[in-house]
Every structure is written in C-alpha cells, then in structure tokens.
Amino acid sequence: MAAGAPLLTLSGVSKHFGGLQVINDLDFVVHESETVGLIGPNGAGKSTVFNLITSIYQPDRGSITFKGTEITGLAPHKICHMGLSRTYQLVRAFLKMSVMENVMMAAVYGVKHHEQGPKQRAAEALELVEMSHKRDVNAAHLTLSDRRLLEIAMGLSSMPSLILLDEPMAGLTEVEIQHLLEVIGTTRDERNFSILWIEHKVDAVLDFCDRVGVIDYGVKIADGCPDDVACDAKVIEAYLGEPVA
Amino acid sequence: MSDQRIDDTDVKLLPDDGGRRRRKLIWAGLAALAVLFFATLPFYYDVHNGQFGVFFFNVFVYVIVAQGWNLVGGYTGQISLGQNAFFGVGAYTMALLWFNDVTKTGYYFDPVLMILAGVVPFILAVLVGVPLLSRLRGDYFAFGTLGMGMIVTVLFINGGMFTGGAEGRMLVPKMPEGAVFDLRTHYWVAFLVAVLATLVVYFMTTSRIGLALRAIREDEVSAASHGVNVLKYKVFAFAVGAFMAGVAGSIYGYYLLQVTPSNVLTSNWLFLPILMVVLGGTGTIMGPWLGAFLIYLISWYGDSYFAGYHPIISGVVIIAVMLFLPSGLMGLGKKMPGFGNRGRGSG
Amino acid sequence: MNGTRFFTRSSAYSATFSKGGFVKHKRILLIGAALMVLALVGVSLAACGDTTTTTAAPATTDTTAGTTDTTAAGVEMGDDIVIGAINSLTGSNVLTGQEEKWAQEKAASDINALGGIKLADGKMHNVVLKYYDDKSQPTEGASAMEKMIKTDGIKIALSSNITPVNQAAAQVAEKYEAYYHITSSWTDEASPDGSFPGFIGGMDLKWATDMFESAGDAGLVAIGAVNAMDEADRPTKFAVMTENTPDGVGFGDGTKAGLEAQGWEVASYEKFVEGNKDFSSIILKFKEAGVDGVVTLIAPTDGITFVKQMKEQNWAPKYLFGYKGFWPVDFYAGLGDDADYIGYDGFWSETLPYPYAKELGQAFQDEHNGNTSNSVGLYYAAAQILFTAIERAGSTDPGAVRDEVFNGTFPGTTMGDITYNDQGIADIPFLAFQWAAGGERVVLYPTEVATGKTVTFVPWEER
Amino acid sequence: MGSLVQILVNGILLGSMYGIAAIGLSLIFGTMRIIFLAQGTMIVFFAYLTYWSFEKAGIDPYLSLFTVIPLAFVVGLGLFYLLFRKAAALEDKNVSLLLAVGLMYLIDNLILKIWGATPRGVNLSYSGAVLVIGDIRVPWLRFALLGLALASALVVYLFLKRTRVGTAVRAASEDMEATTLQGINSVWVCAISFAIGIALAGVAGVGMATVYSFDYQFGFIFAIKALVALALGGIGNVFGALAGGLLLGIIENLAAYYIGIAWIEVASYGVFMLVLIFLPQGLFGRRGLVKKV
C-alpha cells in the first residue's frame with residue numbers, strides 16, 4: 001500500500017463508437033509504485049481504456065495526464081518515451097522477428113536517453129523474464145505464455161515507470177499463470193514501477209493488486225482495496241448478470 | 001488468419017547460431033563472387049555488342065527500382081503504387097537539367113545530375129508521403145500513391161514548353177562533342193548503383209532502422225506503442241525508395257537519350273519491379289535480384305519464342321507464382337523444413 | 001470496443017452457418033462454378049476458332065520461310081536474307097500492326113514468288129521476315145531493336161508504325177549502326193527556335209530513313225477536302241481535337257497552324273487522354289462556341305464513342321474529319337450508318353493509279369471479308385523499297401543498303417515513285433476520304449485522284 | 001445555366017458506370033482488402049460476352065443481363081476458389097494485388113486473341129433514342145445505365161441488410177478477425193462478396209456494351225477510375241460507392257468543360273487525393289471505419 005504521488009490520472013474520460021457509449025465519464029488514478037487492477041465483465045470497456053491512455057483512440061471528452069503532463073492526443077510513441085508501456089490482450093509482439101530483435105526494438109526506440117545501452121537493457125529485460133535462452137527464437141514459434149513474457153520484456157526494456165498489462169493471463173494454463181505472476185512479481189520488486197492491470201479473471205487480480213477498480217458498461221462501479229471490492233454488491237451483480245464465458 | 005496467432009502447440013527452434021552464421025558466410029561469399037563476375041564481365045565479354053550486356057543493364061535498372069520498392073513495400077509493408085512516377089521524375093530531372101544546361105557540370109553521366117535525379121523524387125516523396133502516411137495506412141496509401149502517379153504523369157504530358165509535353169525531351173543533340181555511346185559505361189554505372197542500392201537496403205534493414213521498419217510492417221500500432229515514430233520511418237523508407245527509383249530513371253534516361261511520358265512514366269516501371277520483388281521474396285535482400293533476373297528473362301525471351309502470346313504467358317506466370325510461391329523464391333528455401341510460411345499470416 | 005454486443009449477435013449466425021444448409025449449397029455452387037469455368041474455356045476456344053477462319057487471316061505464319069522450296073527455274077538459290085521487322089504484336093497498336101504485318105508479309109512472299117532478291121554474288125535470295133514485338137511502347141521498341149541486333153545479328157529492319165516507338169528504336173539502331181527503314185512516322189524537323197523538338201526529321205539520324213508525312217502538313221488534306229466543298233457548305237469555325245500523345249500533339253499543333261495560316265478560324269483546340277470515355281462536355285463546348293468543323297486525331301474506340309455521343313447530344317457540324325481512328329472498316333462497322341459522311345485520312349487507296357495497287361487491294365479484300373484498307377499500300381511500298389535497295393546494294397550490308405535509300409529514287413511502288421532526300425526523308429502526300437452513305441470509301445483529295453466530292457455532314461434528324 | 005445542368009446530367013450518366021464498378025470493388029475490397037485491379041478487365045470481358053451473344057444470337061443486351069449476371073457470379077466464385085482463396089487470407093496484400101494484375105494481363109490478352117483488337121460496340125435499334133427535357137438531352141440507354149446502377153446498389157444494400165450472409169459480409173468488412181473468431185465461415189463470406197463483386201462487373205459489362213465502344217485494353221484505366229470512385233465514396237457503404245462514382249463522373253465533366261479535357265485526370269485525381277488526405281474514410285463512409293487498431 002505504498003501509494004506515492006499520482007502517476008497516471010484519468011478524469012472525466014468518455015468515448016463512444018457509433019451509438020455505443022463505451023466509456024462514460026471515467027475517473028481513475030494510478031500512483032507511483034502501485035499495482036492497480038481494473039476488472040470488469042466482457043465488453044465493459046477495459047481495453048478501450050488502455051487504447052485511450054496510449055492514444056490509439058482519442059477520448060471524446062476528458063483528459064489523461066501522466067507524470068503531471070497532459071498526454072491526451074499525444075502521439076503513441078511519445079507516450080512511450082515518457083515511460084509508459086503496455087502489452088496487448090492478443091499479443092502484438094513482432095512474430096517475424098527473433099525474441100532478441102523484439103526486445104532490442106523496444107529498447108532502442110522506447111527510451112530516448114539512458115546511461116545503459118539498448119543492448120544491455122534488452123539483455124537485462126530478457127534475463128528478468130527468464131527468457132535469455134530463447135533469444136534467437138522467432139517470436140512466431142513461441143508459446144502463448146512465452147509471447148506474453150516477451151511483451152513484458154519489451155515493455156521493461158524501455159525502462160517504464162508504468163506498465164499497462166492487458167489481460168496477460170487469458171488463454172494460459174494454471175502453471176503458466178503461476179509462472180507469469182512470479183515473473184511479474186519479481187520484476188516489479190526489482191524495478192519498482194507501477195502496474196495497471198486489466199483482467200477478466202478476478203481472483204488473480206484480487207490477490208496480486210494493491211487496489212482494484214471495477215467498470216461495467218464503461219462506468220466505474222467500484223474502486224478500492226481488493227477485499228472491499230470483492231464484497232461489493234454491484235460488482236457481484238455485474239459479474240453474475242452476464243455469465244463468465 | 002488468427003489460427004496462426006494463437007499457435008502455442010508448434011514450438012520449433014531455429015537452427016543454432018553457428019549454422020546461421022555459416023549460412024551467412026556462404027551467402028556473403030556467393031555475393032562477392034557474383035559482384036566480381038558482373039564487375040569484370042566487360043573485360044572478357046563484348047558488353048556493347050553482345051546480347052547479355054543490354055540484358056543485364058536492364059536487369060540492373062530494374063533491380064534499383066525494385067530495391068527501392070522492397071524497402072517501402074517489402075520491409076516497411078507500405079504498398080506504394082507510385083514508383084513509376086518517381087522513376088519518371090528522376091529521368092525528367094536529369095533530362096530537363098541537361099537540356100536546359102542548368103548545372104553546367106558536364107551532363108553525360110554527371111554524378112551531380114544523377115544525385116539530383118534522386119533528390120527531387122525524394123523531396124516529392126516527403127511532400128506526398130507526410131500527408132498520405134500520417135492519415136492513411138496500407139491500402140489507402142496504395143490508392144494515394146496511385147493517384148499521385150496519375151497526376152504526375154498528366155502534369156508531365158501537359159507540361160508544355162517546360163517538359164516538352166507528350167513529345168518529351170530528346171537528348172541526343174545535347175551529347176557532348178565526340179562522346180561515343182558505349183554500353184559498357186551504362187552497364188557499369190547501372191551495376192554500381194544496383195550494388196549500392198542493395199547495400200543501402202542491406203545496411204538500413206540490418207541496422208536499428210531496420211528493426212523499426214520491420215516492426216512497422218508487422219504491426220504499426222504496436223510499434224508506435226513501443227516508441228517508434230511510425231510516420232517518420234515510413235516517410236523515410238518511402239523517400240529513400242523514391243530516391244532509388246529516381247536515380248534508376250536517370251540511368252535509363254542516359255541510355256534511351258530520349259525522355260518522354262510514354263518512356264519513363266508507364267505502368268511498366270510500376271508493376272514489373274513489384275512483381276520482381278514479390279517473385280524473388282518480399283523483404284529479402286537478394287529477392288529483387290533473383291526476381292528481376294527471372295522476370296526480365298521471361299520478358300526478353302518470351303516474345304522471341306511466343307511472339308504475341310507472351311502477355312498471356314506473363315499473366316499465367318504471375319498467377320502461378322502468387323498461387324504456389326506467395327513468399328517468393330527466397331521463401332522456397334525456408335519452406336523445406338516446414339515452417340517457411342509460419343507467421344506470415346498474422347501480424 | 002463494442003466487442004460484447006458483436007459477440008452475442010454473431011454467434012447466433014455462426015450457429016445457423018454450421019447447421020449445414022450453406023455447406024450443402026456451397027458444394028453445389030462449387031461444382032457449378034467449376035463446370036462454368038470449363039464451359040467458358042470451351043466457349044472461348046470455339047469463338048477463337050470462329051474468328052481465325054473469318055478475320056484473323058494475316059496471322060497465318062510468322063515467317064515466309066516456306067517459300068524457300070520454290071526455287072526459280074535455272075537460278076541458283078543463296079541463303080535467305082533475314083530482315084527484322086519491329087511490329088506491335090501486342091498492346092494498344094495491334095490493329096494497325098496487323099495490317100502492316102500483312103502488307104510486309106505479302107511483299108516478302110510476292111518477291112519470293114518471283115525468285116527472291118539477286119545479290120552481287122549472282123545468286124537469288126529469298127526474303128525472310130523475323131518479327132519483334134514492340135508491345136506498342138517506345139521502351140519495348142528499343143528493346144526489340146536491341147534484341148534483333150544482338151540475339152539474332154540482324155542489322156536491317158522494317159519499322160513499326162507509331163512515331164515514338166520508331167524514334168526509340170531508331171535511337172538504338174543508330175548506336176549499333178543498323179539500318180532502320182521507317183515508315184508511318186511523322187517526318188517533321190525541329191523548329192528553328194527549339195520550341196518543337198521535331199520527330200524523325202529532328203533527330204538527324206544517320207542510320208534510319210523515313211517515308212511518311214510531316215505532322216504539320218498532315219492537316220492539310222483535311223483542309224484540302226474542305227476546299228473541295230461548295231463555298232456555301234464550308235464550315236467557318238473549326239475545332240481541333242487530338243489525343244494527348246506525341247503523334248496527336250504533333251498533328252494537332254500542325255493542323256491548327258495550317259488552318260490559321262489559310263485564314264480559317266480555330267475556335268477550340270482540345271487534347272484528350274487516350275481511352276477517354278466521355279466527350280459530351282467537349283461536344284457541349286463545341287456546340288456553344290459555334291464550331292461547325294472538327295478535325296481530330298483519335299483512336300478507333302474513342303472515335304466511335306465520340307460520334308455516338310455527338311448523336312446523343314444531337315450535334316452535327318458541317319464537317320467532321322478524323323485521322324487514325326475513322327478509317328478502319330471496324331470503325332464503320334462499330335457505328336453503322338452513323339458513320340456516313342465522316343471524312344478521314346489515308347495513306348493509300350487501291351484506286352490510286354499506281355502499279356499493283358488494284359491487285360494488292362483485291363488481295364487484302366479477299367483475305368479480310370471484302371473489307372478494304374487505305375494503308376497497306378504504304379507498308380507494301382516500304383517493303384518494296386527496302387528490297388530494291390538491297391538488290392541495288394548487292395549485299396545485306398546495312399551501310400550499303402542505307403546509302404541506296406538516302407537520296408534514292410524508287411519508281412513504280414504501290415505508292416508511285418518515291419524519292420528520298422539527303423536527310424533520308426521521303427514525304428508522301430496523304431489522301432482524304434469520306435464514308436459515303438452505305439459505307440463506301442470516296443477519295444476526296446488530292447483532287448486529281450478524287451472519286452467524289454466532299455459532302456456536308458448531314459444533321460442527324462435529316463438522315 | 002442550361003449547359004451546367006447538361007454537364008451535371010452528363011456527369012451523372014458517366015458516373016453511373018463508375019458507380020456500378022465501385023460497388024463491386026467495395027465488396028471485394030471491404031471484406032478481403034484486395035485491390036482488385038482486374039475489375040475493369042472483367043467488365044470488358046462481360047461486355048464482349050454481351051456483344052458476342054448479341055452478334056451471334058441476336059440477344060438484346062438487356063435480356064442478356066439474365067444470363068450474364070449468374071454467369072459472372074459463378075465465374076467470380078470460380079476465380080475466388082481457384083485464385084484468391086488463399087491469398088485473401090494472407091496478411092501480405094502484395095500477393096492478391098499481383099494476382100489481380102496477373103489476371104488482368106491474362107484476360108486482356110485472351111480477349112485480344114479471341115475477339116481481336118477491333119473496337120466493338122452494340123448497335124441497337126433504339127441506340128440513338130434520347131429523352132429531351134427542355135434543353136437537356138438524356139440518352140435513354142445511358143439513363144438506363146443509371147437505373148442499373150441504382151438497382152445494383154439497392155439490391156446489394158438489401159442483400160447486406162436483409163440476409164444472413166449479407167450481415168456476415170457486413171461484419172466481415174468491419175472486422176474480418178472478429179468475424180473469424182465468432183465462428184463465421186470467413187472463406188464463404190469472402191467467396192460470396194467476391195462473386196457479387198464480379199456479378200456487378202457483369203452488370204457494368206452489359207452497360208458498357210450498350211453505351212460505349214470498347215476494346216480489349218479498356219479495362220485498366222477503368223479499374224483505376226472505379227478505385228478512385230470507391231475511395232471517394234467511402235468503403236463499406238454501398239450508396240457511398242455509387243455516390244463516389246457519380247461524383248467522379250461530375251468532376252470529370254466539369255473539368256472537361258471548364259478547364260479542358262486534357263486536365264480531367266489532374267482534377268479527378270486531385271480531388272481524390274484531397275479526399276484521401278482530409279477525409280480518409282471517404283465522403284460518405286462511416287467515421288471510424290479506418291481504424292487505428
């Protein structure tokens with residue numbers, strides 16, 4: 001519960017597609033060195049939140065600040081340079097490139113200036129996610145869980161202060177999830193960055209995060225410590241109202 | 001499409017590092033031998049009068065354009081359908097500057113003119129590329145470049161006194177006193193530039209720039225979120241491709257000594273290089289060479305043996321290649337162990 | 001994203017899809033598709049056979065080598081003389097290319113039937129033509145010339161029939177000292193002020209000759225035919241409309257200047273892109289400008305569209321004269337009666353009082369469903385001249401043959417007596433024709449060979 | 001003023017051809033992202049078939065619609081399964097682009113070999129009939145073409161809205177991946193779109209045969225014009241594609257009259273580029289279709 005200064009702030013963010021209001025007046029904060037979960041049923045608008053933060057979509061209303069700077073509408077690569085990196089639900093590592101090339105790419109372009117060279121950073125990031133032995137494997141030939149780890153390594157190599165994890169556990173087996181959680185845990189302790197974690201599966205997030213927000217139909221319905229959220233009537237209703245696939 | 005994305009059962013490791021390095025060495029050796037062979041060919045073969053001289057000259061010109069397209073279309077994944085415009089603008093830059101005695105630097109195979117012939121398309125590509133690439137992706141970019149090609153063509157046709165209109169510019173009368181047309185010079189210049197173009201593409205794509213370009217090809221959004229200034233690199237690749245096409249245009253202009261819209265702005269300079277790259281292997285360094293050689297071989301001998309039927313044959317060849325070898329000849333080797341096609345489908 | 005709603009909706013469809021109804025249909029449709037494709041191929045082949053027996057007669061053999069067996073009695077036969085022929089076998093210019101090829105092959109087989117060409121070695125030599133495809137494009141014309149010289153070692157060639165292609169090919173011939181016997185390319189020289197680069201005459205070619213007309217003078221036959229009209233019928237305001245190609249622009253500029261030099265008013269000068277599909281705005285413009293005479297250079301396909309749209313807009317000038325596209329029989333066939341009273345250029349007519357003209361025209365008709373040609377005589381004459389020059393030179397040395405043509409006089413061709421100047425240029429007079437009602441060709445100009453008088457283009461409603 | 005109206009009418013009449021072709025392209029491009037450059041060639045091919053059935057059997061072109069459309073549909077299915085099935089699934093769009101180019105070469109030159117280089121056109125007894133409204137002249141055959149264009153748009157629209165396959169096609173043109181994930185047989189959806197696209201080439205072919213003179217190399221420029229119309233109107237919208245075609249026709253006619261016929265390409269492609277740059281989703285396309293993700 002070591003919440004520092006606010007790192008990422010969403011205030012009054014709204015977004016609609018066609019006639020569909022996907023995000024409605026969302027306020028949300030991530031503090032320094034904080035691990036925050038964002039959960040919600042399928043289609044609640046979780047991924048859209050990420051796409052709004054990383055400027056893939058422009059919000060209709062509201063503002064997003066990162067490290068005190070307004071990043072609404074800023075080019076995605078500039079947001080990355082500011083120290084915000086993300087993973088994707090459907091892994092978007094570069095499949096035709098090797099693991100090392102993937103991480104190198106992120107290391108070269110992710111940070112503008114750093115005392116460590118990109119090669120060193122990339123190697124370190126791979127070491128952290130325990131994938132150094134697969135550095136010359138093409139990303140296309142990795143298992144799904146390795147691809148997830150690869151994306152995390154790519155994120156790490158850009159020395160972020162905040163990583164957005166987009167359903168990293170989707171499609172993984174129990175064993176793989178355990179491994180992933182361990183890796184994320186150790187790297188977080190090592191590097192001391194914040195995490196904003198979207199997840200469909202609730203239990204892991206409740207165990208792992210300092211704080212959890214819940215959204216449904218684009219509206220935040222709960223925000224607090226995991227135990228409180230788990231007991232919140234609205235949350236339970238949201239989850240039971242639409243059966244988990 | 002997506003069945004390949006979540007493809008976690010099929011784990012295959014690439015051959016170990018040593019094998020890769022060995023293969024790389026073999027390639028480098030072969031390339032060096034080939035360069036040596038082509039560079040010295042004029043010493044033991046009559047390039048000027050023999051049929052292979054002009055054959056290879058044409059292949060080299062196509063290789064330059066194809067390498068340029070390879071950089072944009074192959075490595076960066078932006079299908080440009082405007083290469084003929086850059087080729088033509090390059091040829092016209094050379095021709096008009098020469099014709100109007102602008103630079104006063106000698107003109108016939110003047111390096112200044114040839115570089116300018118690349119610079120002008122480069123600038124054009126930046127001017128066109130920034131608005132197009134900042135707003136359009138993939139196919140829309142293809143439409144946009146196609147439109148640009150059409151506009152450039154019409155502007156040159158209607159250029160009146162400036163461009164010489166539909167009649168273009170005749171350069172023979174401008175040949176310096178006593179200069180003799182010798183195909184050897186053309187052969188060497190074209191070869192040199194083709195090798196240079198290949199080296200530029202090679203070093204660009206194996207350097208850090210290459211990482212960005214390949215990342216953009218596979219997934220622009222992801223590349224951007226990993227810090228790549230997508231627009232900058234796309235425009236850069238597009239402009240370097242245009243530069244190459246322009247220089248190739250000037251070399252071809254020096255060969256024809258007559259630059260007209262129907263010589264240098266036709267769709268031949270658009271589709272043939274693309275075909276060569278794709279046939280050889282998109283996004284491979286040797287693909288354009290293989291492709292250019294084969295396609296030009298078909299077009300050179302096709303109409304000797306199947307007069308009047310060669311377009312039909314070309315059509316069938318294109319279709320057959322795309323059906324059975326969509327990743328090109330360079331993909332043939334990869335196909336053998338069974339995973340050549342993997343990963344191509346997703347991204 | 002709106003993933004959820006989409007999911008639930010479309011999964012309902014997926015259920016219906018997998019129920020099988022579509023799968024069954026699909027198989028039937030697939031089999032049907034395969035059958036249809038087969039049927040189409042069959043139909044195509046049938047159609048192919050159909051046309052070869054009727055219209056595609058000239059393309060029977062590539063070379064006339066077959067005649068080597070028929071030796072002329074008593075004279076020893078030497079090796080065949082192989083002459084290259086650059087021709088548009090594919091691309092936009094095929095139609096004219098086919099007529100040219102027919103005429104050249106006819107000339108070769110005629111001379112072979114007479115025993116061939118006698119060279120200095122005292123032997124008779126048969127002529128064999130080897131064709132190279134210029135694909136109707138200048139760059140390919142240059143390639144074809146390279147190929148001819150380098151792969152086959154042939155250094156004498158008959159030309160293609162579009163100016164830019166021949167210019168490019170001539171440029172190559174010049175480099176390797178091969179003789180290029182050009183016809184059908186504008187002969188214009190460069191203008192003194194350098195504003196106009198000139199066509200063949202502007203290139204100062206040492207290794208090529210050209211027998212044709214200057215683009216500047218070509219328009220004169222249209223004017224000549226106007227002058228042959230009754231004073232009252234003559235148009236007063238002209239429009240010049242041409243396709244935006246080197247051929248077209250050279251012609252257009254020349255014609256406009258020619259008309260104005262003779263005191264006619266040119267109210268409109270338009271260049272259109274080849275393959276244009278809509279002329280209605282231009283027709284409207286002409287209509288409003290009070291244009292009553294049109295001189296145009298236009299391809300047959302565009303020409304048919306143009307006249308069709310003239311009729312749709314109910315616009316009929318007093319005089320409509322077209323180069324290039326209005327003379328083929330196919331133009332008349334494509335328009336039917338609507339093509340009546342349209343004037344057009346020609347290089348030749350079988351009615352001309354030249355030796356063999358009538359027979360050549362008859363031979364063409366026999367092999368083309370009775371259709372006539374107003375060009376084959378030119379191509380035939382070009383081949384005749386080349387054969388004569390080879391015979392005079394006594395060898396197939398390109399330089400020697402060339403020297404015979406420069407300043408040479410060739411009497412009795414199907415184009416009459418032809419004399420080349422010291423630039424290797426022979427200007428031939430164009431002819432003006434008109435489609436009479438019913439589709440008969442009438443020669444209007446020059447008046448000494450005219451077979452009829454220029455008739456006003458009859459307004460549509462009076463037909 | 002009168003002439004302006006006439007120009008607009010002429011433009012609309014010209015544009016209806018572009019429109020029909022663009023609707024077909026819109027389906028093919030929308031679902032498979034194939035830049036189908038052979039569309040013009042297919043149109044010419046069906047124009048020849050129409051011409052041929054008229055010359056050989058005296059079948060009125062408008063009657064032959066009933067044979068040409070099903071034939072074209074089935075040819076489309078055949079082409080898809082023979083050529084484009086695999087290519088449509090590839091991320092590398094060069095393959096399908098070049099397949100279309102190869103097909104264009106092949107069919108262009110097959111037409112040349114089969115029917116020759118002669119320009120063809122169908123001369124009907126009612127070819128010259130013109131509807132006269134005041135000063136404005138509307139040729140009936142070209143008017144009929146506009147009718148065909150509207151009918152095509154309507155039929156395709158109803159197909160997309162009212163049938164299950166149509167809904168799947170619509171879904172696919174929005175997000176092929178999602179469609180695949182939802183278990184819709186994406187191959188079949190592509191096949192249907194492609195076949196309808198070619199069927200529309202058949203419609204356009206009949207129209208071309210009746211109104212224009214055509215030859216074997218008419219196709220390429222026409223395909224590009226149709227692409228321009230498509231991008232002008234906006235992808236994923238049937239009436240948008242039609243409107244794009246009409247707009248292109250009007251631009252060309254206005255340019256021909258006011259600037260000069262030599263400049264129509266600059267005018268039409270210039271407008272096209274401006275639209276691409278400032279309204280990437282086209283004039284009538286739905287916003288958000290050009291997705292960033």
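The chains referred to below are lettered A, B, ... by the order of the sequence lines, with proteins before strands, and numbering in each begins at 1. Note that the structure is a prediction, hence the values are computed from the model and not measured.
Between the side chain of C:Asp134 and the backbone N or O of C:Ser136 there is at least one donor-acceptor pair closer than 3.5 Å. Put simply, the side chain of C:Asn276 never gets that close to the backbone of C:Phe272: no donor and acceptor are under 3.5 Å apart. Using modelled atom types, one side-chain atom of B:Asp219 and one backbone atom of B:Val221 make a donor-acceptor pair closer than 3.5 Å. The backbone N or O of B:Phe156 lies less than 3.5 Å from a partner atom in the side chain of B:Thr163, making a donor-acceptor pair.
For chain C, the nearby part of B:His310 is the side chain; its heavy atoms alone come within less than 4.5 Å. Both the backbone and the side chain of B:Tyr255 come within contact range of chain C, with heavy atoms under 4.5 Å apart. Neither the backbone nor the side chain of B:Asp182 comes within contact range of chain C; no heavy atom of the residue lies under 4.5 Å from a heavy atom of that chain. Residue B:Phe57: no heavy atom, backbone or side chain, is found under 4.5 Å from chain C.
In terms of heavy-atom pairs under 4.5 Å with chain B, the best-connected choice from C:Thr151, C:Val273, C:Asp247, C:Val172 is C:Thr151. Across B:Tyr309, B:Trp300, B:Tyr301, the residue that shares the most heavy-atom pairs under 4.5 angstrom with chain C is B:Trp300. Ranked by heavy-atom pairs under 4.5 Å with chain C, the list B:Leu257, B:Val154, B:Asn268 is led by B:Asn268. Of the listed residues C:Gln167, C:Lys271, C:Glu140, the one with more heavy-atom pairs under 4.5 angstrom with chain B than any other is C:Gln167. For chain B, the option among C:Val249, C:Asp133, C:Val94 with the highest count of heavy-atom pairs below 4.5 Å is C:Asp133.
Residues C:Trp207 and C:Tyr180 keep their aromatic ring centres 6.0 Å or farther apart.
Other residues, nucleotides and ligands place no more than 12 heavy atoms under 6.0 Å from the CZ atom of B:Phe162.
Geometrically, B:Lys174 engages B:Phe99 in a cation-pi contact, judged by NZ or CZ lying under 6.0 Å from the ring centre and within 45° of the ring axis.
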